[in-house]
Every structure is written in structure tokens, then in C-alpha cells.
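The basis for the numbers below is simple: all heavy atoms, side chains too, and nothing from hydrogens, waters or symmetry mates. One is the number of the first residue; the rest follow in order along the sequence.
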Amino acid sequence: MRKIFNHLEEIIGGSLFIVMLIVLVIQIFSRQVLDSPITWTEQLARFLFVYTAYLAISSEIKNEGHVRIDFFFNKLPGSLRNIVYYVFQLMIAIVLILLIYVGYEMSLRKLPMEIVSLNISYVYMYMALPILGVLMLYRLIERNVKAIRQGKGVK
């Protein structure tokens, strides 16, 4: 069970990506070959893309794969480098908390609006940010706590 949770983003994100690919192939086939586009496929692909993208961000936070410029950072002495690193980690956490809050507020505003072709509320699309924002924040905290417990310094 722990192994599944450790790879949750990759499992769900990969599955959603495959479903999105199938939906897009159906859309292209119906539009180009059958000359009768299916209206719901575009909205479903967009919906799946939003979730897949946020899951990919969470995966990169977990694996510390996000982009950063190291030139000046690597020139700092070790102890100062650790301080700067954790200040930036705190800033990322604050931004994630703000994104969770803003995403939740946006979701509430979209509650009465409907994705007509899918016959569901836009709240399901907009809830991706607060729900997966919590996962991103958890992965950020998990990674930093693990590094501190292992006594690892910043690379």
C-alpha cells in the first residue's frame, strides 16, 4: 500500500494521460474520418489535462525535479546554502497554501456553472487546484522532513 502511495501521482497521472490520449484519438477520428465531431471529447480532454498537469507538478515536487538556477546558489558556503534552500522551500509552501485557498474560492464561484457537453459542474475542474495543491504541499513537506531526518545537506 505504501508503494502505491509513493507513486500515486505517476499511477493516476499516467492513467489519466492514456485516457486523454484515447479521447483525443476518438475526437480526431470522428472529426477527420467520420466528418461528425463528438462535442464532449474536447472538454473531457481539457478536464483530464488539468488533472494530469497538476499531478505532474506534484510528482516533480516529490522528486525535486523542478527547475532552478544553481549558479549563485552553488557559490554559497554550505551552511548558508542550507538556510537559503529552506527559506525557498518555505516560500514554495506559502505559495502552495495561497494556491489552495484561491483555488477553493474559485471553485465555489464556479459551482453553479456547468460544462454543458459533459453535463457536470465546472467545480470538478476547478477543484483540481485545491485538492492537488494539498497533495503538492504534503509532498513538499514529506521530502523536506525526510531530508532533515537523514541529515542530508543541500546538493
Could you go step by step and tell me if E142 and K146 meet the salt bridge (charged side-chain N to carboxylate O under 4.0 Å, His left out) rule?
CA-CA 6 Å; E142 176 186 50; K146 185 189 237 181; over 6 Å; no
ILVMFWY cluster, I148 and L80 together (side-chain gap under 4.5 Å)
yes
side-chain contact (heavy atoms from CB on, under 4.5 Å) between I115 and N119, intermediate numbers included:
CA-CA 6 Å; I115 302 173; N119 201 26; over 6 Å; no
So do N144 and Y85 actually touch side chain to side chain, heavy atoms under 4.5 Å?
yes
I'd like to know if Y122 and L111 are part of one continuous hydrophobic network [Ile/Leu/Val/Met/Phe/Trp/Tyr, side-chain heavy atoms within less than 4.5 Å].
yes
Within this structure, what is the OH-OH distance for the pair Y104 and Y101, rounded to the nearest 0.5 Å?
10.0 Å
Kindly give the heavy-atom pair with the smallest separation between W40 and S117, and that separation in Å.
CB-O, 3.5 Å
Under a single-linkage definition using a 4.5 Å side-chain heavy-atom cutoff for Ile, Leu, Val, Met, Phe, Trp and Tyr, are I97 and I61 assigned to the same hydrophobic cluster?
yes
Out of curiosity, F49 CZ to Y54 OH, how far, rounded to the nearest 0.5 Å?
10.0 Å
Please report, to 0.1 Å, the donor-acceptor pairs under 3.5 Å made by any side chain of residues 8-21, with sequence neighbours excluded.
from: E9; atom 1: OE1; to: K62; atom 2: NZ; distance (Å): 3.4
from: E9; atom 1: OE1; to: R139; atom 2: NH2; distance (Å): 3.1
from: E9; atom 1: OE2; to: S58; atom 2: OG; distance (Å): 2.8
from: E9; atom 1: OE2; to: R139; atom 2: NE; distance (Å): 2.7
from: E10; atom 1: OE1; to: K62; atom 2: NZ; distance (Å): 3.0
from: E10; atom 1: OE2; to: S59; atom 2: OG; distance (Å): 3.0
from: E10; atom 1: OE2; to: K62; atom 2: NZ; distance (Å): 3.1
from: S15; atom 1: OG; to: I11; atom 2: O; distance (Å): 2.8

With hydrophobic residues grouped by side-chain heavy-atom distances under 4.5 Å, do V116 and V23 end up in a single group?
no
Identify the heavy atoms of L55 and L132 that sit nearest to each other, and give their distance.
CD2-CD2, 3.8 Å
Give the minimum heavy-atom separation between F47 and M125, together with the two atoms involved.
CE1-N, 3.5 Å
To the nearest 0.5 Å, what is the distance between CD1 (I141) and CG (L96)?
9.0 Å
Tell me which pairs pass salt bridge (Lys or Arg N to Asp or Glu O under 4.0 Å) where either residue lies in residues 94-114, with sequence neighbours left out.
none
If you round to the nearest 0.5 Å, how far is CD of E42 from CG of L118?
10.5 Å
Does one hydrophobic cluster hold both I120 and I38, with members joined at side-chain heavy-atom distances below 4.5 Å?
yes
Mind running side-chain contact (heavy atoms from CB on, under 4.5 Å) on V134 and Y138 for me, showing each step along the way?
CA-CA 6 Å; V134 169; Y138 172 78; 5.5 Å; no
Shortest non-hydrogen contact from I57 toward M136:
CG2-SD, 3.6 Å
Go through the structure and list residues passing side chain to side chain contact (heavy atoms under 4.5 Å, CB included) with A93, not counting sequence neighbours.
L137, L140
Approximate separation, where rounding is to 0.5 Å, of M91 CE and I94 CD1:
8.0 Å
In Å and rounded to the nearest 0.5 Å, what is the CD1 to OH distance from I131 to Y124?
10.0 Å
Would you check if the side chain of R81 reaches a backbone N or O of N74 as a donor-acceptor pair within less than 3.5 Å?
yes
Of all the heavy-atom pairs spanning L24 and A45, show the shortest one and how long it is.
CD2-CB, 3.6 Å
Non-hydrogen atoms of V50 and A128 that approach each other most closely
CG1-CB, 3.8 Å
